[in-house]
Amino acid sequence: MRALVCALLLLLLLLHSLPVAPVTVSTTQSKVEVQENSDAVLSCLFKTEKDQNPRIEWKKKDNGISMVYFEGNFTGPFKGRAKIEGATVTLYKVQLKDAGQYRCEVSAAADTVQLGETNVTLKVLVPPHIPFCEIPSSALTGSLVELRCSDEYSIPPAVYTWYKDKKPLSSPRANATYTINKNTGILTFQTVTRADAGQYHCEARNGVGQPKSCVGNHMTIDDLNVTAIIAGIVVLCLVISVCTLGAWYAHRQGYFSRHRGRSFWIPQCHGAAHISSQNLNRTEDIPHAGYGSPPQDTQDFKHTQSFML
C-alpha cells in the first residue's frame, strides 16, 4: 500500500514538472497575393494550454487600427463579405482597398500566457487597364518625337510594348533611329525620318490578367519645305523695306513736322484785322496783338465815312 501511494506521489510530481504549453498562434502563409475580385484566405492557427474556447479577433493596420472580426461578428466593410473557420478568415471578392497588413489575436484567459498573435500581409493584384497613349499625327523630318504610353492603375506596374503597323518594335539596334523604355512606355525618335511613318499602338502587361492595348494612330512624316521658308523670308524683307522707304519719304515731305502757323485777314466794318493762327490762343496776353494796318492799295480804297459841314 505504501508503495502505491509513493508511486502516485511520484506521478503527480512528474506531471507538475512537465513544461507548460501556453497559447501559440501561427499562420501557414504570411504573405497572400490574390487578383482583384477574387477570394483571399488569411490563415490563423492556434493552440491553447487549457482554454478550449479562446477569444479570437482580427484587426487591420491602416493609418490606425481597425477591427475586422470582433465578438463573433465581422465589422465595417467586411460585414457580409467574409467568413471564419476556426480562426482562419476568408474575404470574398477583395478590392484594392482591402490590401494591407492584418493581425490575428487569440486570447486564452485560462492559460498561463493569455495572448498570442500573428500577422498576414494581403496584396491585391490589379490587371492592366487600357493604357493612355500620346501619338502625334504628324512630324517634320529630323525633329525629336516622343510617343508615350501609361497605365496608372495596374499592380504590379505594367511594362509596355510598342507596335508599328501591328508588328512589335524590337530592341533598337546600333543604327536604329529610336529608343524604347519598357518601364516608362516612352518611344523616342531622336531624328525622325520618313521611314518612321506608320500606324502605332501600345500594349500594357503585368502578368495579371490579359494585356490591354490603346487605339492606334497613324503618324505621318513631312519634309521641311525649305523653298517656302525662303520665300516667306524674302516677302517679309520686302514688306519691311517698303514700310521703311514710305516712312522716310513721308518724313522728307514734312508730314511728320510740326504744323506752322498761318496769317490771314479778317474784314471789319472799320478796317481789317491781321490775325496769326499761332496767336489765336494768346491774344489775351499781348494787348492788341496781331493787329496791323490794312493794305493801302488805292485801287481798294473805299469811302467809309462822310462829314457834313
Side-chain angles (χ1 to χ4, degrees), residues 27-44 58-63 66 68-69 74-85 87-104 118-137 145-172 176 178-189 198-219:
T27 181
T28 59
Q29 192 173 4
S30 60
K31 293 183 179 180
V32 178
E33 293 184 356
V34 294
Q35 188 172 332
E36 189 179 29
N37 293 316
S38 61
D39 299 342
V41 178
L42 311 181
S43 72
C44 180
W58 274 92
K59 300 176 181 179
K60 183 175 185 286
K61 294 181 180 179
D62 295 313
N63 295 330
S66 60
V68 177
Y69 182 81
F74 287 97
T75 63
F78 302 96
K79 190 174 183 178
R81 51 183 294 260
K83 72 174 183 178
I84 189 168
E85 294 178 346
T88 297
V89 166
T90 301
L91 302 179
Y92 299 126
K93 294 184 177 180
V94 295
Q95 304 297 315
L96 185 59
K97 63 182 180 181
D98 296 327
Q101 189 176 51
Y102 293 79
R103 184 170 68 211
C104 174
T118 188
N119 294 315
V120 180
T121 301
L122 174 62
K123 182 177 182 180
V124 179
L125 306 178
V126 180
H129 291 64
I130 295 177
F132 174 72
C133 295
E134 297 181 36
I135 305 171
S137 299
V145 178
E146 287 187 346
L147 282 67
R148 296 178 177 270
C149 180
S150 61
D151 173 17
E152 299 179 356
Y153 304 103
S154 60
I155 299 175
V159 293
Y160 305 95
T161 303
W162 277 98
Y163 290 79
K164 176 187 176 185
D165 299 327
K166 298 183 179 180
K167 296 180 180 179
L169 290 175
S170 58
S171 298
Y178 63 87
T179 57
I180 300 176
N181 190 322
K182 293 185 176 182
N183 295 322
T184 62
I186 299 177
L187 169 61
T188 304
F189 295 92
Q199 183 84 7
Y200 287 87
H201 79 274
C202 170
E203 179 184 79
R205 64 174 67 229
N206 68 345
V208 182
Q210 297 297 319
K212 296 292 180 66
S213 299
C214 65
V215 177
N217 188 34
H218 191 273
M219 183 176 70

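Every residue meeting the ring pair (Phe, Tyr, Trp, His ring centres under 6.0 Å) condition with Tyr163, not counting sequence neighbours, appears here in chain and number order: His201. For His218, the ring pair (Phe, Tyr, Trp, His ring centres under 6.0 Å) test picks out no residue, with sequence neighbours left out. Listed by chain and number, the residues in a salt bridge (Lys or Arg N to Asp or Glu O under 4.0 Å) with Glu203 are Arg205 (sequence neighbours excluded). Evaluation of the side-chain contact (heavy atoms from CB on, under 4.5 Å) rule for Pro77 yields no partner, not counting sequence neighbours. Not counting sequence neighbours, the partners of Lys60 by the salt bridge (Lys or Arg N to Asp or Glu O under 4.0 Å) test are Asp62. Residues that satisfy the side chain to side chain donor-acceptor pair (under 3.5 Å) test with Gln95, not counting sequence neighbours, are Asn37. Remark: Tyr200 engages no residue in a ring pair (Phe, Tyr, Trp, His ring centres under 6.0 Å) (not counting sequence neighbours). Listed by chain and number, the residues in a side chain to side chain donor-acceptor pair (under 3.5 Å) with Ser213 amount to none (sequence neighbours excluded). With sequence neighbours left out, the ring pair (Phe, Tyr, Trp, His ring centres under 6.0 Å) criterion links Phe74 to Tyr69. Residues forming a salt bridge (Lys or Arg N to Asp or Glu O under 4.0 Å) with Lys83 (at least two apart in sequence, or on another chain): Glu85.
Between Thr27 and Asn119, the shortest heavy-atom distance links the atoms CG2-O, 4.1 Å.
Sulfur-to-sulfur, Cys104 and Cys44 sit under 2.5 Å apart at their SG atoms. Between Cys214 and Cys149 the SG-SG gap reaches or exceeds 2.5 angstrom.
The salt bridge (Lys or Arg N to Asp or Glu O under 4.0 Å) contacts involving residues 146-155 comprise Glu146-Arg148, where partners must be two or more places apart or lie in separate chains. For residues 91-101, the salt bridge (Lys or Arg N to Asp or Glu O under 4.0 Å) pairs, not counting sequence neighbours, are Arg81-Asp98.
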Phe189 and Met219: CA distance, side-chain angles, deciding distance, side-chain contact (heavy atoms from CB on, under 4.5 Å) verdict: CA-CA 12 Å; Phe189 295 92; Met219 183 176 70; 4.2 Å; yes
